[in-house]
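Throughout, a chain's letter reflects where its sequence line sits, starting with A, and its residues are numbered from 1.
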Number of protein chains: 2
Amino acid sequence: MALRRRKNKAPPLDGECPLMACMKLLGGAWTPNIVWYLSAGPRRFSELRHDIPGVSSKVLSARLKELVEKGVVSREVRPTSPPSVEYALTEIGAQLVPVIDAIVAVGKRLKEEKARASSRSRQAPDRLVLAED
Amino acid sequence: MALRRRKNKAPPLDGECPLMACMKLLGGAWTPNIVWYLSAGPRRFSELRHDIPGVSSKVLSARLKELVEKGVVSREVRPTSPPSVEYALTEIGAQLVPVIDAIVAVGKRLKEEKARASSRSRQAPDRLVLAED
DNA sequence: CCGTATCCCTGGAGATACTG
DNA sequence: CAGTATCTCCAGGGATACGG
């Protein structure tokens with residue numbers, strides 16, 4: 001007990017495993033984007049591919065598969081003339097949206113801070129944009 | 001107009017770059033844990049190392065460095081007899097805590113869902129506790 | 001249109017050992 | 001105590017090409 005340092009030790013992280021699982025999920029490349037672009041409604045493969053610039057079909061397919069497996073996204077094949085597949089967020093998937101939102105918010109703040117800091121050391125960089133480190 | 005599919009296209013994700021930046025941050029192994037364990041107050045290197053079982057000093061050090069650089073964590077060296085260093089969340093870092101919380105929450109739900117699904121194939125668990133692990 | 005299959009390659013993470 | 005230094009390993013992701 002001697003150690004006063006232990007005063008405010010955080011609880012054991014409500015459950016590390018869930019954290020890991022969920023982080024592994026949206027840790028995957030493009031995953032947050034996929035969820036985000038599904039947040040406005042169902043979307044087809046090609047649409048997503050077009051929505052998200054720079055994602056390869058391989059990765060998109062892989063992420064989608066994972067998401068479906070984990071129960072975050074639903075997949076519906078529609079037997080139309082040209083075969084089409086609709087992906088949509090499940091209820092659980094929808095819970096991810098505010099999370100992503102929050103992450104983006106923090107990301108923005110991080111950027112602003114950094115810009116503020118670099119503008120302080122230099123003079124007024126009227127043209128010098130923050131060269132991403 | 002033809003395309004009705006474009007009906008509810010999500011906005012271009014408020015800023016992809018911030019997302020990427022932030023995800024890269026807490027995408028790093030153990031990062032969420034570090035932030036979490038700092039959320040209850042300042043903590044020293046060894047304490048964190050002890051708090052988080054399985055993390056190597058190398059990784060802990062690396063993550064900490066990143067977090068300090070990004071402005072999420074502050075580092076204070078105290079010139080005491082045995083040299084000690086205190087890490088703490090900055091204000092921005094504190095904003096990450098609810099995010100992690102939310103992620104954990106979703107992770108739990110994911111797990112419950114999965115348990116529920118597998119229990120369906122087995123028998124009826126009338127007393128299904130969510131074995132937090 | 002909706003993916004899967006390959007190859008390659010990089011960075012991140014574990015283990016271990018060592019310094020101020 | 002608080003890290004840094006190496007080394008190795010491999011999953012994950014980009015590019016490209018092909019199949020249903």
Side-chain angles (χ1 to χ4, degrees), chain A residues 2-6 16 19-34 37-38 42-70 73-88 132-133, chain B residues 2-6 16 19-34 37-38 42-70 73-88:
Chain A
L3 267 301
R4 275 289 149 269
R5 306 219 112 276
R6 305 258 165 243
E16 306 197 2
L19 209 213
M20 299 297 206
C22 197
M23 275 313 296
K24 184 159 196 270
L25 206 73
L26 27 81
W30 304 111
T31 314
N33 293 75
I34 295 173
Y37 282 105
L38 281 179
R43 217 114 172 105
R44 292 168 47 192
F45 190 87
S46 309
E47 289 182 314
L48 285 173
R49 198 153 148 50
H50 177 261
D51 286 343
I52 310 172
V55 67
S56 68
S57 49
K58 171 195 167 187
V59 171
L60 180 55
S61 163
R63 293 304 131 241
L64 246 12
K65 202 178 210 171
E66 275 185 23
L67 291 168
V68 168
E69 231 159 69
K70 299 283 173 89
V73 161
S74 67
R75 182 184 171 210
E76 189 191 349
V77 182
R78 337 184 102 222
T80 53
S81 24
S84 72
V85 185
E86 289 237 328
Y87 293 93
E132 94 299 324
D133 67 312
Chain B
L3 270 300
R4 271 117 87 261
R5 305 220 114 274
R6 304 257 166 243
E16 306 196 0
L19 209 213
M20 300 296 207
C22 198
M23 276 311 297
K24 184 159 195 267
L25 207 73
L26 30 83
W30 304 112
T31 315
N33 293 75
I34 294 173
Y37 282 105
L38 281 179
R43 217 114 174 106
R44 293 168 49 192
F45 190 87
S46 308
E47 289 183 312
L48 285 174
R49 196 149 147 53
H50 177 263
D51 286 343
I52 310 172
V55 67
S56 69
S57 50
K58 173 197 165 185
V59 171
L60 180 55
S61 165
R63 294 302 131 242
L64 245 13
K65 204 179 211 171
E66 275 186 22
L67 291 168
V68 168
E69 232 159 68
K70 299 284 174 88
V73 161
S74 67
R75 189 189 123 117
E76 190 191 348
V77 182
R78 338 184 103 220
T80 54
S81 24
S84 74
V85 184
E86 290 239 326
Y87 292 93

B/Glu66 bridged to B/Arg63 by N-O distance under 4.0 Å: yes

Report yes if the side chains of A/Leu64 and A/Phe45 come closer than 4.5 Å at any heavy-atom pair, otherwise no. yes

Under 4.0 Å between a side-chain N or O of A/Trp30 and OP1 or OP2 of D/dG14? yes

Rounding to a whole Å, what distance do you find between B/Arg63:CZ and D/dG3:P? 15 Å

Distance, rounded to the nearest Å, where B/Ile34 contributes CD1 and C/dG12 contributes C1': 14 Å

Separation of D/dG12 C1' from A/Lys24 NZ (nearest whole Å): 10 Å

Counting only side-chain N and O atoms of A/Arg78, is one of them less than 4.0 Å from OP1 or OP2 of C/dC2? no

Do B/Arg75 and B/Val77 have side chains that approach each other closer than 4.5 Å (heavy atoms only, starting at C-beta)? yes

Length of the CG-P vector between A/Leu64 and C/dT4, whole Å: 10 Å

Whether A/Arg44 contacts C/dC2 is assessed here as follows: a side-chain N or O lying under 4.0 Å from the phosphate OP1 or OP2. Is that the case? yes

A/Ser56 side chain N/O closer than 4.0 Å to the phosphate oxygens (OP1, OP2) of D/dA15? no

On a heavy-atom basis, the closest approach of A/Arg49 and A/Ser57 is NH1-N, 3.5 Å

Toward the 5' end of DNA chain D, by each residue's nearest nucleotide, B/Tyr87 or A/Ala29: B/Tyr87

Between atom NZ in B/Lys65 and atom C1' in C/dG12, what is the gap in whole Å? 15 Å

Note: for B/Gly54 and A/Ser57 on DNA chain C, the residue whose nearest nucleotide lies more 5' is A/Ser57

For the side chain of B/Lys58 and the base of C/dG14, is some donor closer than 3.5 Å to an acceptor across the two? yes

A/Asn33 vs A/Val55 side-chain heavy atoms within contact, under 4.5 Å: no

Rounded to whole Å, please give me the gap between CZ in B/Phe45 and C1' in D/dA2. 6 Å

Name the residue closer to the 5' end of DNA chain D, choosing between B/Val85 and A/Val59 according to the nucleotide with the nearest heavy atom. B/Val85

Could you give the CE-to-P distance, from B/Met20 to C/dG11, as a whole number of Å? 16 Å

How many Å lie between CG on B/Leu67 and C1' on D/dG3, as a whole number? 16 Å

